[in-house]
Amino acid sequence: MSSALTNASGPKERTSTIRSLLGRVLVLGAALSVAIYLVPLLIQFQMWMWLTVVVLATLAIFALYSTKRFVPAKYVFPGTFFLAVFLIIPIVLTVQTAFTNFGDGFRGTKEEAITAITNNSVQQTADSPIYNLTVATTGTADDGPYSLFLVNPDTHEVLFGADGETVRHAAPGDVTVTDGFVTAAEGYSLLTPQQINDNYEAISALTLSVSRDSAIKVQGVRNAFEGTKTMVYDEATDTITDTLTGNTYTVQKVGKSEYFVDANGNRLAQSWLQNVGMANFRDLFTNTSLLKQLGGAFVWTLVFAAGSMVLTFLVGYFLALALNDDRVRGKKLYRSFLLLPYAVPGFISLLVWSNFYNKDFGLINNALHLSINWLGDPTWAKVAVLLTNTWMGFPYMFIVCTGALQSISGDLKEAARIDGANGWQATTRITTPLLLVSVAPLLVSTFAFNFNNFNAIQLLTRGGPFGEGEYIRGGTDILISVVYRIAFGGSGADYGFASAVSVILFVITGVLAAIQFRATRALEDVN
(Lines give C-alpha, C1' and ligand atoms only; values in the text may rest on other atoms or scores of the structure.)
Protein backbone atom coordinates (compact mmCIF):
# COMPACT_ATOMS: atom_id res chain seq x y z
CA MET A 1 0.00 0.00 0.00
CA SER A 2 2.77 2.47 1.01
CA SER A 3 4.77 1.47 -2.06
CA ALA A 4 1.81 2.29 -4.30
CA LEU A 5 1.43 5.72 -2.66
CA THR A 6 5.14 6.39 -3.07
CA ASN A 7 5.02 5.48 -6.75
CA ALA A 8 1.91 7.62 -7.24
CA SER A 9 3.36 10.63 -5.53
CA GLY A 10 6.73 10.35 -7.26
CA PRO A 11 5.66 11.82 -10.64
CA LYS A 12 3.68 14.59 -8.91
CA GLU A 13 6.68 15.56 -6.80
CA ARG A 14 8.94 15.56 -9.85
CA THR A 15 6.45 17.71 -11.77
CA SER A 16 6.21 20.14 -8.85
CA THR A 17 10.01 20.27 -8.57
CA ILE A 18 10.39 20.93 -12.30
CA ARG A 19 7.79 23.72 -12.17
CA SER A 20 9.47 25.27 -9.14
CA LEU A 21 12.87 25.09 -10.82
CA LEU A 22 11.50 26.54 -14.06
CA GLY A 23 9.81 29.39 -12.20
CA ARG A 24 13.00 30.13 -10.29
CA VAL A 25 15.04 30.19 -13.51
CA LEU A 26 12.54 32.56 -15.14
CA VAL A 27 12.57 34.96 -12.16
CA LEU A 28 16.35 34.99 -11.88
CA GLY A 29 16.76 35.27 -15.65
CA ALA A 30 14.36 38.21 -15.80
CA ALA A 31 16.16 39.96 -12.92
CA LEU A 32 19.55 39.41 -14.55
CA SER A 33 18.28 40.63 -17.94
CA VAL A 34 16.90 43.83 -16.43
CA ALA A 35 20.17 44.42 -14.56
CA ILE A 36 22.28 43.85 -17.69
CA TYR A 37 20.12 46.34 -19.59
CA LEU A 38 20.04 49.03 -16.87
CA VAL A 39 23.60 48.96 -15.49
CA PRO A 40 25.37 50.32 -18.62
CA LEU A 41 22.75 53.06 -18.99
CA LEU A 42 23.03 54.09 -15.35
CA ILE A 43 26.83 54.19 -15.63
CA GLN A 44 26.58 56.22 -18.84
CA PHE A 45 24.32 58.82 -17.19
CA GLN A 46 26.28 58.63 -13.89
CA MET A 47 23.18 57.79 -11.86
CA TRP A 48 25.14 56.19 -9.05
CA MET A 49 22.34 55.92 -6.51
CA TRP A 50 20.03 54.04 -8.88
CA LEU A 51 22.98 51.90 -9.97
CA THR A 52 23.48 50.91 -6.34
CA VAL A 53 19.77 50.10 -6.00
CA VAL A 54 19.76 47.90 -9.11
CA VAL A 55 22.93 46.02 -8.13
CA LEU A 56 21.81 45.43 -4.52
CA ALA A 57 18.30 44.38 -5.62
CA THR A 58 19.72 41.92 -8.17
CA LEU A 59 22.11 40.43 -5.61
CA ALA A 60 19.25 40.15 -3.09
CA ILE A 61 17.00 38.40 -5.63
CA PHE A 62 19.71 35.85 -6.44
CA ALA A 63 20.53 35.31 -2.75
CA LEU A 64 16.89 34.81 -1.75
CA TYR A 65 15.32 33.00 -4.69
CA SER A 66 18.16 30.75 -5.85
CA THR A 67 17.82 28.52 -2.76
CA LYS A 68 15.03 27.03 -0.66
CA ARG A 69 16.22 28.88 2.42
CA PHE A 70 15.20 32.33 3.72
CA VAL A 71 11.49 31.58 3.23
CA PRO A 72 10.21 34.58 5.28
CA ALA A 73 12.54 36.95 3.44
CA LYS A 74 11.17 35.75 0.09
CA TYR A 75 7.79 37.24 1.02
CA VAL A 76 9.11 40.33 2.79
CA PHE A 77 11.53 41.41 0.04
CA PRO A 78 9.06 42.44 -2.73
CA GLY A 79 7.10 44.78 -0.46
CA THR A 80 10.28 46.19 1.08
CA PHE A 81 11.82 46.76 -2.34
CA PHE A 82 8.83 48.64 -3.75
CA LEU A 83 8.46 50.61 -0.50
CA ALA A 84 12.05 51.76 -0.85
CA VAL A 85 11.85 52.55 -4.58
CA PHE A 86 8.50 54.33 -4.62
CA LEU A 87 8.46 55.97 -1.18
CA ILE A 88 11.74 56.15 0.70
CA ILE A 89 14.02 57.05 -2.23
CA PRO A 90 11.69 59.83 -3.54
CA ILE A 91 11.62 61.29 -0.01
CA VAL A 92 15.42 61.18 0.18
CA LEU A 93 15.73 62.79 -3.27
CA THR A 94 13.24 65.52 -2.34
CA VAL A 95 15.16 66.33 0.84
CA GLN A 96 18.43 66.32 -1.09
CA THR A 97 17.00 68.67 -3.76
CA ALA A 98 15.76 71.04 -1.03
CA PHE A 99 19.37 71.95 -0.27
CA THR A 100 20.19 72.85 -3.91
CA ASN A 101 19.20 75.57 -6.37
CA PHE A 102 17.98 73.02 -8.93
CA GLY A 103 15.64 74.64 -11.47
CA ASP A 104 15.56 76.53 -14.75
CA GLY A 105 19.04 77.86 -15.42
CA PHE A 106 20.50 75.70 -12.64
CA ARG A 107 20.37 72.17 -14.04
CA GLY A 108 23.82 71.06 -15.19
CA THR A 109 27.39 71.31 -14.01
CA LYS A 110 29.51 74.44 -14.15
CA GLU A 111 31.37 73.04 -17.17
CA GLU A 112 28.05 72.51 -19.00
CA ALA A 113 26.98 76.06 -18.14
CA ILE A 114 30.24 77.47 -19.53
CA THR A 115 29.79 75.41 -22.71
CA ALA A 116 26.22 76.68 -23.11
CA ILE A 117 27.28 80.32 -22.58
CA THR A 118 30.15 80.18 -25.05
CA ASN A 119 28.35 78.10 -27.68
CA ASN A 120 25.28 80.34 -27.60
CA SER A 121 27.50 83.33 -28.41
CA VAL A 122 28.57 81.90 -31.80
CA GLN A 123 28.31 84.43 -34.65
CA GLN A 124 28.73 83.82 -38.35
CA THR A 125 31.50 85.62 -40.22
CA ALA A 126 32.16 86.15 -43.91
CA ASP A 127 34.58 83.22 -44.10
CA SER A 128 32.54 80.82 -41.92
CA PRO A 129 32.56 77.27 -43.35
CA ILE A 130 29.09 75.96 -44.31
CA TYR A 131 28.23 72.29 -43.76
CA ASN A 132 25.50 70.07 -45.17
CA LEU A 133 23.33 69.19 -42.17
CA THR A 134 21.52 65.99 -41.21
CA VAL A 135 19.75 65.79 -37.84
CA ALA A 136 19.50 62.38 -36.19
CA THR A 137 18.19 61.01 -32.91
CA THR A 138 18.44 57.93 -30.75
CA GLY A 139 14.94 58.65 -29.39
CA THR A 140 11.94 60.17 -31.12
CA ALA A 141 11.69 63.03 -33.60
CA ASP A 142 9.75 65.20 -31.14
CA ASP A 143 11.67 64.49 -27.93
CA GLY A 144 15.22 63.77 -29.06
CA PRO A 145 17.99 63.65 -27.95
CA TYR A 146 19.32 65.13 -31.18
CA SER A 147 22.71 64.72 -32.84
CA LEU A 148 24.13 66.62 -35.83
CA PHE A 149 25.84 64.92 -38.79
CA LEU A 150 27.78 67.38 -40.94
CA VAL A 151 29.44 66.97 -44.33
CA ASN A 152 32.03 69.45 -45.54
CA PRO A 153 31.09 69.97 -49.22
CA ASP A 154 34.71 70.80 -50.14
CA THR A 155 36.59 68.01 -48.35
CA HIS A 156 33.67 65.54 -47.98
CA GLU A 157 34.75 65.13 -44.36
CA VAL A 158 31.96 63.83 -42.07
CA LEU A 159 31.64 65.28 -38.56
CA PHE A 160 29.08 64.55 -35.86
CA GLY A 161 28.20 65.17 -32.22
CA ALA A 162 25.39 65.85 -29.76
CA ASP A 163 24.46 69.26 -28.37
CA GLY A 164 27.29 70.84 -26.37
CA GLU A 165 29.80 68.13 -27.26
CA THR A 166 33.09 68.64 -29.08
CA VAL A 167 32.71 67.69 -32.73
CA ARG A 168 34.07 64.27 -33.75
CA HIS A 169 35.08 62.64 -37.01
CA ALA A 170 32.78 59.86 -38.22
CA ALA A 171 34.29 56.58 -39.36
CA PRO A 172 33.54 55.84 -43.04
CA GLY A 173 31.84 52.55 -42.20
CA ASP A 174 29.45 54.11 -39.68
CA VAL A 175 27.67 56.51 -42.04
CA THR A 176 26.37 56.57 -45.59
CA VAL A 177 26.78 59.78 -47.61
CA THR A 178 24.62 60.43 -50.66
CA ASP A 179 24.78 63.66 -52.71
CA GLY A 180 26.78 65.37 -49.97
CA PHE A 181 24.40 64.51 -47.08
CA VAL A 182 24.46 61.73 -44.49
CA THR A 183 21.56 59.43 -45.40
CA ALA A 184 22.18 56.64 -42.88
CA ALA A 185 24.02 56.38 -39.56
CA GLU A 186 24.42 53.25 -37.47
CA GLY A 187 22.38 53.43 -34.27
CA TYR A 188 20.53 56.64 -35.27
CA SER A 189 17.21 57.54 -36.87
CA LEU A 190 17.45 60.42 -39.33
CA LEU A 191 14.88 63.23 -39.26
CA THR A 192 13.15 64.42 -42.41
CA PRO A 193 13.18 68.15 -43.29
CA GLN A 194 9.54 68.31 -42.19
CA GLN A 195 10.37 66.80 -38.79
CA ILE A 196 13.26 69.24 -38.38
CA ASN A 197 10.96 72.12 -39.22
CA ASP A 198 8.34 70.91 -36.72
CA ASN A 199 10.95 70.88 -33.94
CA TYR A 200 13.06 73.76 -35.23
CA GLU A 201 12.97 75.78 -32.01
CA ALA A 202 14.83 73.04 -30.15
CA ILE A 203 17.05 71.98 -33.05
CA SER A 204 18.13 75.51 -34.00
CA ALA A 205 19.63 75.93 -30.51
CA LEU A 206 22.01 72.97 -30.96
CA THR A 207 25.73 73.70 -31.08
CA LEU A 208 28.93 71.66 -31.38
CA SER A 209 32.24 72.91 -30.01
CA VAL A 210 35.14 72.90 -32.47
CA SER A 211 37.78 74.71 -30.45
CA ARG A 212 38.13 77.25 -27.67
CA ASP A 213 37.12 80.06 -30.03
CA SER A 214 34.74 78.44 -32.52
CA ALA A 215 31.64 76.25 -32.68
CA ILE A 216 29.19 74.88 -35.22
CA LYS A 217 25.61 76.11 -35.13
CA VAL A 218 22.46 75.07 -37.01
CA GLN A 219 21.39 77.35 -39.84
CA GLY A 220 18.11 76.40 -41.45
CA VAL A 221 16.89 72.88 -42.12
CA ARG A 222 19.77 71.62 -44.29
CA ASN A 223 22.82 73.67 -43.28
CA ALA A 224 25.07 74.58 -40.36
CA PHE A 225 27.93 77.04 -40.08
CA GLU A 226 31.15 77.19 -38.11
CA GLY A 227 31.25 80.57 -36.38
CA THR A 228 33.32 82.45 -33.87
CA LYS A 229 32.52 82.51 -30.15
CA THR A 230 32.16 86.03 -28.82
CA MET A 231 32.20 84.74 -25.23
CA VAL A 232 35.52 83.03 -24.45
CA TYR A 233 36.29 81.15 -21.25
CA ASP A 234 39.73 81.34 -19.61
CA GLU A 235 40.26 78.29 -17.39
CA ALA A 236 43.36 79.75 -15.67
CA THR A 237 41.45 82.74 -14.27
CA ASP A 238 37.99 81.13 -14.27
CA THR A 239 36.56 84.06 -16.23
CA ILE A 240 34.51 84.61 -19.39
CA THR A 241 35.40 87.50 -21.69
CA ASP A 242 33.08 89.13 -24.20
CA THR A 243 35.34 89.77 -27.19
CA LEU A 244 32.91 92.32 -28.64
CA THR A 245 32.69 94.60 -25.59
CA GLY A 246 35.79 93.58 -23.70
CA ASN A 247 33.81 92.91 -20.52
CA THR A 248 35.16 90.20 -18.25
CA TYR A 249 32.80 88.09 -16.17
CA THR A 250 34.02 86.53 -12.92
CA VAL A 251 32.26 84.04 -10.63
CA GLN A 252 30.33 85.90 -7.93
CA LYS A 253 27.57 84.93 -5.55
CA VAL A 254 24.24 86.64 -6.21
CA GLY A 255 21.51 85.68 -3.78
CA LYS A 256 21.89 81.98 -3.06
CA SER A 257 23.65 81.04 -6.32
CA GLU A 258 26.86 81.80 -8.16
CA TYR A 259 26.87 83.49 -11.58
CA PHE A 260 29.35 84.98 -14.00
CA VAL A 261 29.14 88.73 -13.25
CA ASP A 262 30.99 91.68 -14.82
CA ALA A 263 32.40 94.76 -13.09
CA ASN A 264 29.09 96.64 -13.49
CA GLY A 265 27.10 93.90 -11.75
CA ASN A 266 25.58 92.51 -14.94
CA ARG A 267 25.29 88.74 -14.71
CA LEU A 268 24.97 86.07 -17.37
CA ALA A 269 21.63 84.25 -17.19
CA GLN A 270 23.08 80.74 -17.28
CA SER A 271 24.21 79.30 -13.94
CA TRP A 272 24.70 75.75 -12.67
CA LEU A 273 23.50 73.30 -10.04
CA GLN A 274 24.90 74.17 -6.62
CA ASN A 275 24.53 73.17 -2.99
CA VAL A 276 22.98 76.19 -1.27
CA GLY A 277 22.63 74.75 2.23
CA MET A 278 19.68 76.17 4.19
CA ALA A 279 19.14 79.07 1.75
CA ASN A 280 15.82 77.70 0.43
CA PHE A 281 14.44 77.28 3.93
CA ARG A 282 15.76 80.71 4.92
CA ASP A 283 14.05 82.27 1.90
CA LEU A 284 10.84 80.48 2.82
CA PHE A 285 10.71 81.81 6.38
CA THR A 286 12.00 85.33 5.65
CA ASN A 287 9.84 86.19 2.63
CA THR A 288 6.85 87.80 4.35
CA SER A 289 4.79 88.06 1.17
CA LEU A 290 5.28 84.38 0.36
CA LEU A 291 4.67 83.38 3.97
CA LYS A 292 1.38 85.26 3.92
CA GLN A 293 0.27 83.43 0.79
CA LEU A 294 1.41 80.08 2.15
CA GLY A 295 -0.32 80.82 5.46
CA GLY A 296 -3.59 81.48 3.64
CA ALA A 297 -3.13 78.30 1.64
CA PHE A 298 -2.42 76.35 4.84
CA VAL A 299 -5.62 77.54 6.53
CA TRP A 300 -7.70 76.66 3.46
CA THR A 301 -5.90 73.30 3.21
CA LEU A 302 -6.96 72.45 6.76
CA VAL A 303 -10.53 73.56 6.04
CA PHE A 304 -10.62 71.64 2.78
CA ALA A 305 -9.16 68.43 4.24
CA ALA A 306 -11.27 68.51 7.40
CA GLY A 307 -14.41 69.60 5.55
CA SER A 308 -14.03 66.88 2.93
CA MET A 309 -13.45 64.28 5.62
CA VAL A 310 -16.47 65.33 7.71
CA LEU A 311 -18.87 65.81 4.79
CA THR A 312 -18.01 62.55 3.06
CA PHE A 313 -18.31 60.68 6.36
CA LEU A 314 -21.65 62.24 7.32
CA VAL A 315 -23.22 61.62 3.91
CA GLY A 316 -21.79 58.11 3.63
CA TYR A 317 -22.79 57.22 7.22
CA PHE A 318 -26.31 58.58 6.81
CA LEU A 319 -26.89 56.58 3.62
CA ALA A 320 -25.34 53.46 5.15
CA LEU A 321 -27.68 53.77 8.16
CA ALA A 322 -30.70 54.27 5.92
CA LEU A 323 -29.92 51.22 3.80
CA ASN A 324 -28.99 49.06 6.78
CA ASP A 325 -32.62 48.97 7.89
CA ASP A 326 -34.24 45.61 7.14
CA ARG A 327 -37.49 47.36 6.26
CA VAL A 328 -35.93 48.93 3.14
CA ARG A 329 -36.58 46.92 -0.01
CA GLY A 330 -34.23 46.81 -2.98
CA LYS A 331 -31.17 47.65 -0.88
CA LYS A 332 -28.79 46.03 -3.37
CA LEU A 333 -30.11 48.21 -6.19
CA TYR A 334 -29.86 51.39 -4.14
CA ARG A 335 -26.35 50.53 -3.03
CA SER A 336 -25.31 49.91 -6.63
CA PHE A 337 -26.56 53.37 -7.67
CA LEU A 338 -24.76 55.02 -4.74
CA LEU A 339 -21.46 53.50 -5.86
CA LEU A 340 -21.63 55.08 -9.33
CA PRO A 341 -19.67 58.23 -8.40
CA TYR A 342 -16.94 55.96 -7.08
CA ALA A 343 -16.90 53.90 -10.28
CA VAL A 344 -16.31 56.89 -12.58
CA PRO A 345 -12.61 57.86 -12.87
CA GLY A 346 -11.89 60.88 -10.70
CA PHE A 347 -10.38 63.08 -13.39
CA ILE A 348 -13.45 62.60 -15.59
CA SER A 349 -15.79 63.55 -12.73
CA LEU A 350 -13.76 66.67 -11.97
CA LEU A 351 -13.72 67.82 -15.59
CA VAL A 352 -17.48 67.21 -15.93
CA TRP A 353 -18.22 69.08 -12.70
CA SER A 354 -16.05 72.01 -13.82
CA ASN A 355 -18.47 72.40 -16.75
CA PHE A 356 -21.46 72.13 -14.42
CA TYR A 357 -20.19 75.21 -12.56
CA ASN A 358 -20.02 77.41 -15.65
CA LYS A 359 -21.76 80.68 -14.78
CA ASP A 360 -23.55 81.16 -18.10
CA PHE A 361 -24.01 77.66 -19.53
CA GLY A 362 -23.49 75.35 -16.54
CA LEU A 363 -26.06 72.72 -15.61
CA ILE A 364 -26.38 73.90 -12.00
CA ASN A 365 -27.20 77.53 -12.76
CA ASN A 366 -29.49 76.63 -15.65
CA ALA A 367 -31.40 73.94 -13.74
CA LEU A 368 -31.84 76.03 -10.58
CA HIS A 369 -32.24 79.38 -12.38
CA LEU A 370 -29.23 80.86 -10.59
CA SER A 371 -26.49 83.22 -11.70
CA ILE A 372 -23.78 82.27 -9.20
CA ASN A 373 -20.23 82.83 -10.39
CA TRP A 374 -19.09 79.50 -9.00
CA LEU A 375 -15.50 79.49 -10.24
CA GLY A 376 -15.00 83.25 -10.44
CA ASP A 377 -15.73 84.12 -6.82
CA PRO A 378 -13.24 82.82 -4.19
CA THR A 379 -15.94 81.89 -1.65
CA TRP A 380 -18.23 80.12 -4.11
CA ALA A 381 -15.21 78.39 -5.69
CA LYS A 382 -14.35 76.92 -2.28
CA VAL A 383 -17.96 75.77 -1.87
CA ALA A 384 -17.81 74.17 -5.33
CA VAL A 385 -14.62 72.31 -4.46
CA LEU A 386 -16.09 70.95 -1.22
CA LEU A 387 -19.35 69.91 -2.90
CA THR A 388 -17.54 68.13 -5.71
CA ASN A 389 -15.13 66.39 -3.38
CA THR A 390 -18.05 65.26 -1.23
CA TRP A 391 -19.76 63.82 -4.30
CA MET A 392 -16.62 61.91 -5.22
CA GLY A 393 -15.77 60.74 -1.70
CA PHE A 394 -19.03 59.73 -0.05
CA PRO A 395 -19.30 56.31 -1.82
CA TYR A 396 -16.04 55.24 -0.16
CA MET A 397 -17.36 56.19 3.26
CA PHE A 398 -20.68 54.55 2.40
CA ILE A 399 -18.89 51.25 1.69
CA VAL A 400 -16.79 51.46 4.84
CA CYS A 401 -19.72 52.38 7.09
CA THR A 402 -21.94 49.67 5.57
CA GLY A 403 -19.34 47.05 6.38
CA ALA A 404 -18.79 48.41 9.89
CA LEU A 405 -22.53 48.53 10.62
CA GLN A 406 -23.02 44.94 9.55
CA SER A 407 -20.28 43.85 11.94
CA ILE A 408 -22.05 45.38 14.96
CA SER A 409 -24.06 42.77 16.83
CA GLY A 410 -27.83 43.18 16.70
CA ASP A 411 -28.00 42.10 20.34
CA LEU A 412 -26.63 45.49 21.39
CA LYS A 413 -29.41 47.31 19.58
CA GLU A 414 -31.99 44.97 21.03
CA ALA A 415 -30.61 45.52 24.55
CA ALA A 416 -30.76 49.28 24.02
CA ARG A 417 -34.41 49.07 22.98
CA ILE A 418 -35.21 46.95 26.04
CA ASP A 419 -33.56 49.60 28.22
CA GLY A 420 -35.86 52.20 26.72
CA ALA A 421 -33.49 53.89 24.25
CA ASN A 422 -35.11 55.35 21.16
CA GLY A 423 -33.63 55.14 17.65
CA TRP A 424 -31.66 58.39 17.92
CA GLN A 425 -30.16 57.43 21.28
CA ALA A 426 -29.20 53.96 20.07
CA THR A 427 -27.55 55.42 16.99
CA THR A 428 -25.61 58.22 18.70
CA ARG A 429 -24.63 56.43 21.92
CA ILE A 430 -24.10 52.84 20.79
CA THR A 431 -23.86 52.43 17.02
CA THR A 432 -21.76 55.51 16.24
CA PRO A 433 -19.08 55.00 18.95
CA LEU A 434 -18.69 51.34 17.99
CA LEU A 435 -18.47 52.26 14.30
CA LEU A 436 -15.84 54.94 14.96
CA VAL A 437 -13.55 52.36 16.54
CA SER A 438 -13.00 50.77 13.12
CA VAL A 439 -13.58 53.85 10.95
CA ALA A 440 -11.42 56.40 12.82
CA PRO A 441 -8.09 55.29 11.26
CA LEU A 442 -9.70 55.59 7.81
CA LEU A 443 -10.86 59.11 8.67
CA VAL A 444 -7.26 59.99 9.50
CA SER A 445 -6.07 58.60 6.17
CA THR A 446 -8.89 60.48 4.39
CA PHE A 447 -7.76 63.72 6.02
CA ALA A 448 -4.14 63.08 5.00
CA PHE A 449 -5.19 62.21 1.44
CA ASN A 450 -7.25 65.39 1.05
CA PHE A 451 -4.49 67.45 2.65
CA ASN A 452 -2.52 66.70 -0.52
CA ASN A 453 -5.43 66.19 -2.94
CA PHE A 454 -3.84 67.95 -5.90
CA ASN A 455 -6.22 66.58 -8.55
CA ALA A 456 -9.36 67.98 -6.92
CA ILE A 457 -7.93 71.49 -7.11
CA GLN A 458 -6.00 71.41 -10.37
CA LEU A 459 -8.66 69.75 -12.51
CA LEU A 460 -11.64 71.65 -11.09
CA THR A 461 -10.44 75.23 -10.55
CA ARG A 462 -6.70 75.20 -11.41
CA GLY A 463 -6.26 76.90 -8.05
CA GLY A 464 -8.26 79.96 -9.10
CA PRO A 465 -9.71 82.43 -9.06
CA PHE A 466 -6.61 84.62 -8.85
CA GLY A 467 -6.75 88.10 -7.41
CA GLU A 468 -5.00 91.09 -8.92
CA GLY A 469 -1.25 90.76 -8.55
CA GLU A 470 -1.45 87.17 -7.29
CA TYR A 471 0.54 84.61 -9.24
CA ILE A 472 1.60 82.01 -6.70
CA ARG A 473 -1.66 81.27 -4.86
CA GLY A 474 -5.23 81.39 -6.07
CA GLY A 475 -8.46 81.38 -4.10
CA THR A 476 -8.75 77.57 -3.93
CA ASP A 477 -5.06 76.63 -3.92
CA ILE A 478 -4.00 74.20 -1.22
CA LEU A 479 -0.36 73.86 -0.19
CA ILE A 480 0.47 71.09 -2.65
CA SER A 481 -0.92 73.05 -5.62
CA VAL A 482 1.09 76.10 -4.51
CA VAL A 483 4.20 73.90 -4.44
CA TYR A 484 3.35 72.69 -7.95
CA ARG A 485 3.05 76.27 -9.18
CA ILE A 486 6.41 77.17 -7.62
CA ALA A 487 8.05 74.13 -9.22
CA PHE A 488 6.47 74.46 -12.66
CA GLY A 489 5.24 78.05 -12.72
CA GLY A 490 5.32 80.33 -15.72
CA SER A 491 8.10 82.45 -14.20
CA GLY A 492 10.46 79.46 -14.34
CA ALA A 493 10.81 76.19 -12.48
CA ASP A 494 12.45 76.30 -9.04
CA TYR A 495 12.60 72.67 -7.94
CA GLY A 496 14.99 73.35 -5.06
CA PHE A 497 12.68 75.85 -3.37
CA ALA A 498 9.60 73.73 -4.14
CA SER A 499 11.33 70.74 -2.54
CA ALA A 500 12.03 72.80 0.58
CA VAL A 501 8.32 73.67 0.82
CA SER A 502 7.48 69.99 0.22
CA VAL A 503 9.71 68.95 3.12
CA ILE A 504 7.92 71.37 5.44
CA LEU A 505 4.58 70.14 4.09
CA PHE A 506 5.64 66.54 4.73
CA VAL A 507 6.51 67.37 8.33
CA ILE A 508 3.21 69.20 8.88
CA THR A 509 1.20 66.29 7.44
CA GLY A 510 3.08 63.83 9.62
CA VAL A 511 2.53 65.89 12.77
CA LEU A 512 -1.19 66.30 12.07
CA ALA A 513 -1.56 62.57 11.37
CA ALA A 514 0.25 61.71 14.60
CA ILE A 515 -2.05 64.02 16.58
CA GLN A 516 -5.11 62.46 14.98
CA PHE A 517 -3.95 58.90 15.63
CA ARG A 518 -3.25 59.80 19.26
CA ALA A 519 -6.76 61.25 19.52
CA THR A 520 -8.34 58.10 18.07
CA ARG A 521 -6.80 55.94 20.79
CA ALA A 522 -9.52 57.21 23.12
CA LEU A 523 -12.02 55.30 21.00
CA GLU A 524 -10.35 52.00 21.87
CA ASP A 525 -11.92 52.16 25.32
CA VAL A 526 -15.36 51.91 23.70
CA ASN A 527 -14.91 48.16 23.41
Side-chain angles (χ1 to χ4, degrees), residues 87-108 252-259 261 267 269-306 378 382 447-458 461-516:
L87 183 62
I88 296 176
I89 290 179
I91 291 175
V92 172
L93 292 176
T94 300
V95 174
Q96 180 182 352
T97 305
F99 295 94
T100 69
N101 62 348
F102 183 46
D104 286 348
F106 307 94
R107 294 177 181 269
Q252 300 179 30
K253 190 170 184 178
V254 180
K256 62 184 178 184
S257 304
E258 292 182 338
Y259 296 84
V261 185
R267 69 186 185 190
Q270 185 69 40
S271 185
W272 54 93
L273 180 64
Q274 302 158 41
N275 188 342
V276 298
M278 299 295 293
N280 288 319
F281 296 94
R282 187 167 54 250
D283 291 348
L284 172 60
F285 290 108
T286 57
N287 189 328
T288 55
S289 175
L290 180 60
L291 274 179
K292 182 179 179 181
Q293 296 188 62
L294 290 175
F298 176 67
V299 172
W300 163 238
T301 302
L302 290 176
V303 173
F304 169 70
K382 290 181 173 67
F447 177 87
F449 171 78
N450 284 299
F451 197 86
N452 294 302
N453 193 350
F454 174 76
N455 287 346
I457 303 301
Q458 184 66 17
T461 65
R462 296 185 181 274
F466 289 86
E468 185 177 354
E470 290 185 345
Y471 60 94
I472 292 180
R473 172 185 171 258
T476 57
D477 264 323
I478 58 177
L479 284 173
I480 190 64
S481 60
V482 173
V483 172
Y484 172 82
R485 193 164 290 109
I486 293 173
F488 304 101
S491 58
D494 191 347
Y495 303 122
F497 186 73
S499 296
V501 180
S502 297
V503 170
I504 301 300
L505 180 58
F506 175 77
V507 173
I508 291 173
T509 306
V511 170
L512 291 175
I515 293 173
Q516 289 175 311

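- Here Arg473 contributes atom CZ and Leu479 contributes atom CG; the two are 9.0 Å apart, rounded to the nearest 0.5 Å.
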>> The test is side-chain contact (heavy atoms from CB on, under 4.5 Å); show your working for Ile504 and Val507 and say whether it passes.
In response: CA-CA 5 Å; Ile504 301 300; Val507 173; 5.6 Å; no
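- You'll find the side chain of Glu258 reaches within 4.5 Å of the side chain of Trp272, heavy atoms only.
- Nearest heavy-atom pair across Phe304 and Ala456 is CZ-CB, 4.2 Å.
- To the nearest 0.5 angstrom, Gln270 atom CD is 10.0 Å from Asp104 atom CG.
- Within the structure, the side chain to side chain donor-acceptor pair (under 3.5 Å) test picks out no pair touching residues 499-511 (sequence neighbours left out).
- Counting heavy atoms from C-beta outward, Gln252 and Tyr259 have side chains that stay 4.5 Å or more apart.
- A heavy-atom distance below 4.5 Å is not found between the side chains of Ile472 and Phe466.
- Applying the side chain to side chain donor-acceptor pair (under 3.5 Å) rule to pairs touching residues 280-296 yields Lys256-Asn280, sequence neighbours excluded.
- Scanning both residues, Asn101 and Gln274, for their nearest heavy atoms gives OD1-N, 2.7 Å.
- If you take CZ on Arg462 and CZ on Arg485, they are separated by 10.0 Å, rounding to the nearest 0.5 Å.
- When the ring pair (Phe, Tyr, Trp, His ring centres under 6.0 Å) test is applied to Phe497, no partner is found at least two apart in sequence or on another chain.
- Closest of all the heavy-atom pairs between Phe99 and Asn275 is O-OD1, 2.8 Å.
- Taking CD1 of Ile457 as the start and CG of Asn452 as the end, the distance is 11.5 Å to the nearest 0.5 Å.
- Looking at Trp300, its side chain does come within 3.5 Å of a backbone N or O of Thr476 through a donor-acceptor pair.
- The two residues Ala487 and Ala498 have their closest heavy-atom pair at CB-CB, 3.6 Å.
- The backbone N or O of Gly474 sits less than 3.5 Å from a side-chain atom of Asp477, completing a donor-acceptor pair.
- Proximity of Phe506 to Thr94: side-chain heavy atoms (C-beta onward) are nowhere separated by under 4.5 Å.
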> Does the side-chain contact (heavy atoms from CB on, under 4.5 Å) test come out yes or no for Ile480 and Thr301, once each step is laid out?
Replying inline: CA-CA 9 Å; Ile480 190 64; Thr301 302; over 6 Å; no
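- For the atom pair CG of Asp494 and CZ of Phe102, the computed distance is 10.5 Å after rounding to the nearest 0.5 Å.
- Using a 4.5 Å cut-off on side-chain heavy atoms (C-beta onward), Phe451 and Leu505 make contact.
- Among Phe106, Phe488, Tyr484, the one residue that satisfies the ring pair (Phe, Tyr, Trp, His ring centres under 6.0 Å) test with Tyr495 is Phe488.
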